[in-house]
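Worksheet for the structure shown next.
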Amino acid sequence: MSNDASTSNSSAPVPVPYEPLAIEKKWQALWSERGTNQVDMDGAPDPFYALMMFPYPSAEGLHVGNLFAFTGSDISARYHRLLGKNVFQPFGYDAFGIHSENYALKKGAHPMEMTPQNIANFQRQIERAGLMIDWRSRVDTSHKDYYRWTQWVFLQLYKQGLAYKKAAAVNWCPNDKTVLANEQVENGLCERCGTPVEQRFLEQWFFRISAFCDRLLQNLDWLDWSPTTKQAQRNWIGRSEGAELTFSIQHSGEQVRVFTTRADTIYGATYLVLAPEHPLVQAIATDAQREDVVAYQERAQKQDIITRKSVQDKTGVFTGAYATNPATGAPIPVWIADYVLMEYGTGAIMAVPGHDQRDFEFANVFALPIIRVVAGADDDANTPIGEHAFTDYDHTRLVNSGRFNGLNVSDAKIQATDWLAAEGHAKPVVNYRLHDWCISRQRYWGPPIPIIYCDACGPVPVPEKDLPVELPFIQDFKPDDSGVSPLARHEEWYRVPCPNCGAMGRRETDVSDTFLDSAWYFLRYPSAQNDQVAFDKTRTAKWLPVDSYIGGNEHAVLHLLYSRFVTMVLKDGGHIDFEEPFTKFRAHGLIIREGAKMSKSKGNVINPDEYMEQWGADAFRMYLMFLGPYEEGGDFRDQGISGVRRFLDRLWGSVRDARADGAPDADVIRKLHRTIKKVGEDCASLSYNTAIAAMMEYINVVRRAERVGHRDEVLPLVQLAAAFAPHLAEECWEHLGQTGSVFDGGWPVFDAAQLVDNEVDITVQVNGKMRGQVRVAADATQDTVLAAAMLETNIAKFVVSDVKKVIYVPKRLLNIVVAHLGSEPDTKILPS
RNA sequence: GCGAGCGUGGCGAAAUUGGUAGACGCACCAGCCUUAGGAGCUGGCGGGGCAACCUAUCCCGGUUCGAGUCCGGGCGCUCGCACCA
């Protein structure tokens, strides 16, 4: 330390600008040497699994957003460690997949060579930030020791009949030249590169996540997760209850099934609409209309997804056919239109133009009949529908609906479904918007899907003993438009004998989605050093499910949903005995800069290295946690760091100057106990910003009026600050003569007796307005407080008429209610 | 359109869950110390007013002794879903 002159004058403590670079380097080396961050995986009596979302190791290096996320997790983990738990906090790299491959392509490098470099760089930055990581358990999803087990997970799904191949319309990104899962398409754009997604009809591997809709939905009721995340999953699963109704086509006799949530409006169904791609369209269309129908189908097919799925002017074509409305027996025309989507429900609807806005618009374009079957506020069955479909039916009843007239909508739904069901025209069904997870990727950098096709045996799973199916090193890994992976160019790799019959077969050349890698990594961590199994039974039972998971909400319907699904599958397969991987999940907020998301194009990206260099990792960590509520994020502004750094300087100065002689100050100690309580509560609820504020408040009390703090006043503060500024805390701990790591020193316990006040300041109001304060004994009665208050002229002068009422909240406030409510004090005010 | 969340000084934000609005920090102002200060220390800091006080949490209403907090209506912002039947 350079500034020693300051300590020679022992009367006034001076913040000592400590040297973070030296201190941080020292402690990182000691942690590593002493294994401070390692936990006894098998012997730990009180295991606590703290998980943070592992990053994709981008070549640009660590982003402040990453560090914000990691630091918040790390503080939580360290806090639990201080509480005495055996905390396991692992780290790893989501290095396999399109993100890494794209970067390599851009740089003209090979992902197999570039990924290790990126990881090394990331690792350096992570270590510098001082996270409490047990590095023995590090995983790298692109390493064969990892993806071998990713392939094993695929095989478990396959065994359980949950992995299947089908030809289907899939999302194709023409830029990334691969198919995408629905979850990876945002508003019709590729979530990676923003390119409009096209439809292609390809044969792909899917996971049957749709079979888990109800389970995925129901468990959300008890999971301790951020409400926003749960809501996002609920929306994505998109459950809706309704009925499937069957309409017969006249003459052709075809049966068309439609899904509706409004079976009650069956009497208002004046036409049917099929999606243009609906398989029955050809069979239904009459010869006279066929030409128009085919033309419309072609037109719809050419439309891009964004246009197709956005609200646009209604178009459509009459098929020439009529169906019978099962309720009325009336013939209703059958149309095709692009506003009906093949992928939802049955790909066909019954149109009720009176009570559905889309049907209403369509009916107006083509002059189709509109019938009111739900009365409006006027309760008149004959009021015309008006400008918009009538959908506000909370307090009204059915009309023009035969036997259902007079029922309210919800009763009518049930009765209509029952009645039609009895006739064989309906069954109640539940529909979901969640579709099966398409996991094939026509790319190079991922785990090859472990399947071999054999002419005789069909698709044969690679035997588990033959795993991994290693990804070969190939130079020409660039994806193309062919709809198959670059691996398909390498016969020497894909030509292999069938494991079943020995005849020459062909490997599946697609790789699996990156999100499969990350859907089970939390299971791998505790067993990362075990090359015999994907995850060891005993270890898994001891450490899982994860106690605390903290991460970004952008993965609400991707990683978090897939992980839940895979966990359920593994449970059903008998591999684990829990079906929810993350009992507690908290979503952190986003760091923005000057009100905008950080992005390279805006040039407002923060490089954490520079800040850690200038201010120290501890100050930078603490600043990130101080700039706003952790679960909401905040605006990064350079100037803010100095305040946090000042706090750390003061802390260090107080530790340096602390006196050991004499007794600590009683008032300071009382403040200390309050601070211990506050910081503990705030750490538990991730309210890091207010925890830091409380510590600042406390050190300001310790140092008030240039006083020198007592050792017993500052040592507990070092413990409270340890989770936030671990390096400096260790240095302080050592300086104060403590042995071992501060993280094994426990969490200070507050003394409840110290929280109790003998005397309190009572706020005195007159008619609800604050007029003064009186200091009284904590257990003072209302009369005592009132008497004391009336002795204060500044209060008494407002009590100008009879006291009507007195409200007394012990230890807090006294409100004197007088007759002249709301008027100004009408007596002369006494000059004080 | 449906669902969730939010709206407080110049700025980032607090508020014991209905009880002194603005803790803590940044910025700013004044003073001390200093050869110097981009260091440190002390004090000030929502707006108006010399003051007593008045006024103030997006807007309008309500409940209450008392509302940033609860209720009704409106405006605005963020996020998720969305021609989803």
Side-chain angles (χ1 to χ4, degrees), chain A residues 3 6 12-17 186-187 227-238 240 242 258-262 273 308-312 314 337-341 343-352 356-359 361-362 391 431-433 553-554 556-557 590 623 626-629 632 634-644 646-647 649-650 653 678 681 687 689-697 700 703-706 761-773 794 797 804-807 809 811-818 821 824-825 829-832:
Chain A
N3 209 345
S6 57
V14 169
V16 184
E186 291 174 353
N187 299 321
T228 49
T229 315
K230 289 197 195 186
Q231 197 54 43
Q233 291 210 350
R234 288 199 179 99
N235 286 342
W236 188 258
I237 296 168
S240 73
V258 307
F259 174 72
T260 180
T261 55
R262 295 296 309 278
V273 189
R308 173 70 187 270
K309 290 196 178 175
S310 59
V311 180
Q312 48 180 332
K314 296 290 174 287
D338 61 8
Y339 81 94
V340 174
L341 306 173
E343 71 222 42
Y344 186 77
T346 60
I349 61 157
M350 67 175 203
V352 184
D356 180 283
Q357 184 59 25
R358 295 152 302 176
D359 299 344
E361 287 165 16
F362 189 85
T391 50
N431 229 306
Y432 301 91
R433 78 179 284 302
N553 227 0
E554 70 273 15
V557 295
L590 284 179
Y623 172 60
F626 187 58
L627 51 66
E632 286 167 35
D635 205 349
F636 186 97
R637 290 171 322 121
D638 300 15
Q639 298 157 324
I641 304 184
S642 59
V644 167
R646 229 186 307 266
F647 165 75
D649 286 340
R650 286 174 180 169
K678 172 76 175 154
E681 287 166 358
S687 308
N689 56 334
T690 49
I692 294 166
M695 290 189 276
M696 287 172 164
E697 225 178 293
N700 290 345
R703 301 171 65 88
R704 178 178 293 158
E706 306 193 28
D761 288 315
I762 301 285
T763 297
V764 182
Q765 300 181 334
V766 179
N767 285 0
K769 281 196 188 250
M770 213 274 276
R771 294 304 183 188
Q773 284 192 327
N794 284 330
K797 69 188 179 189
K804 278 169 56 182
K805 191 173 175 183
V806 175
I807 283 106
V809 182
K811 296 182 191 173
R812 206 145 280 168
L813 147 152
L814 183 82
N815 189 8
I816 304 166
V817 185
V818 300
L821 196 74
E824 294 299 303
I829 293 161
L830 302 167
S832 45

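Within every chain, numbering begins at 1; the chains are lettered A, B, ... in the order of the sequence lines, protein sequences first and strands thereafter.
For A:R812 against B:U20, no side-chain N or O and base N or O form a donor-acceptor pair under 3.5 Å. Judged by atom type and distance alone, A:Q233 does not reach the base of B:G80 through any side-chain donor-acceptor pair under 3.5 Å.
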Inset, instruction - Start with the C-alpha distance between A:R650 and A:N700, add both sets of side-chain angles, then the distance that settles side chain to side chain donor-acceptor pair (under 3.5 Å), and finish with yes or no. - result: CA-CA 9 Å; A:R650 286 174 180 169; A:N700 290 345; 3.3 Å; yes

Inset, instruction - Dump the intermediate steps for side chain to side chain donor-acceptor pair (under 3.5 Å) on A:S240 and A:N431, then the final yes or no. - result: CA-CA 5 Å; A:S240 73; A:N431 229 306; 5.9 Å; no

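Across all strands shown, B:A4 is found opposite B:U78 as a Watson-Crick or G-U wobble partner, with both distances under 3.5 Å.
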Protein-nucleic acid N or O pairs under 3.5 Å, nucleotides 1-11 of chain B:
from: B:G3; atom 1: O2'; to: A:Q231; atom 2: NE2; distance (Å): 2.8

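Comparing B:C54, B:G25, B:C81 by their nearest atom to the side chain of A:N700 picks out B:G25. Proximity note for A:V809 (side chain, C-beta onward) versus B:A14, B:U20, B:G19: the nearest is B:G19. With distances taken from any side-chain atom of A:P629 to the nucleotides B:A14, B:A85, B:C83, the minimum falls on B:A14. The side chain of A:T763 lies closest to B:U20 when the candidates are B:U20, B:C83, B:C65. Side-chain atoms of A:Q773 lie closest to B:U20 of the nucleotides B:U20, B:C24, B:C41. The side chain of A:M770 lies closest to B:U20 when the candidates are B:U20, B:A14, B:G19. When the nucleotides B:U20, B:G12, B:A85 are ranked by their closest atom to the side chain of A:Q765, B:U20 comes out on top. In the set B:C83, B:C26, B:A85, B:C83 carries the atom at the smallest distance from any side-chain atom of A:K309. Distances from the side chain of A:S240 to the nucleotides B:C81, B:C83, B:A85 place B:A85 closest. The side chain of A:R358 approaches B:C84 more closely than any other nucleotide in the set B:C41, B:A27, B:C84.
Within the 4.0 angstrom heavy-atom criterion, no nucleotide atom of any strand lies near A:R234. A:L341 comes within 4.0 angstrom of a nucleotide base, judged by non-hydrogen atoms across all strands. Using a 4.0 Å heavy-atom criterion, one finds that A:Q312 contacts the bases of the nucleic acid, with or without backbone contacts as well.
When the side-chain nitrogen and oxygen atoms of A:N689 are compared with OP1 and OP2 of B:A23, none of them lie within a distance under 4.0 Å. Contact annotation: A:K805 reaches the phosphate of B:C65 (side-chain N/O to OP1 or OP2, under 4.0 Å). OP1 or OP2 of B:C65 has not a single side-chain nitrogen or oxygen of A:K769 nearer than 4.0 Å. Within the structure, a side-chain polar atom (N or O) of A:R646 is placed less than 4.0 Å from OP1 or OP2 of B:G40. Remark: A:R433 is not in phosphate contact with B:A85, judged by side-chain N or O atoms under 4.0 Å from OP1 or OP2.
Pairing each heavy atom of A:N689 with each of A:P629, the nearest pair is ND2-N, 3.5 Å.
Considering only residues two or more places apart in sequence or on other chains, A:T763 meets the side chain to side chain donor-acceptor pair (under 3.5 Å) condition with none of them. In terms of the side chain to side chain contact (heavy atoms under 4.5 Å, CB included) criterion, residue partners of A:R234 (sequence neighbours excluded) are, by chain and number, A:L217, A:L220, A:D221, A:K230, A:Q231.
Taking for each of A:E361 and A:A693 the nucleotide of RNA chain B with the nearest heavy atom, the 5'-most of the two is the partner of A:A693.
Look at B:U17: its glycosidic torsion is within 90° of 0, and that puts it in the syn range. Glycosidic conformation, B:G47: anti, with the torsion outside 90° of 0.
When the P atom is used for both B:U42 and B:A51, the distance is 26 Å, rounded to whole Å.
By the 4.5 Å heavy-atom criterion applied to side chains, A:Q357 and A:T391 are not counted as neighbours.
Looking only at atom types and distance, the side chain of A:T228 has a donor-acceptor partner in the side chain of A:N553 under 3.5 Å away.
Residue A:N187 places its CG atom among 12 or fewer non-hydrogen atoms of other residues, nucleotides or ligands, all under 6.0 Å distant.
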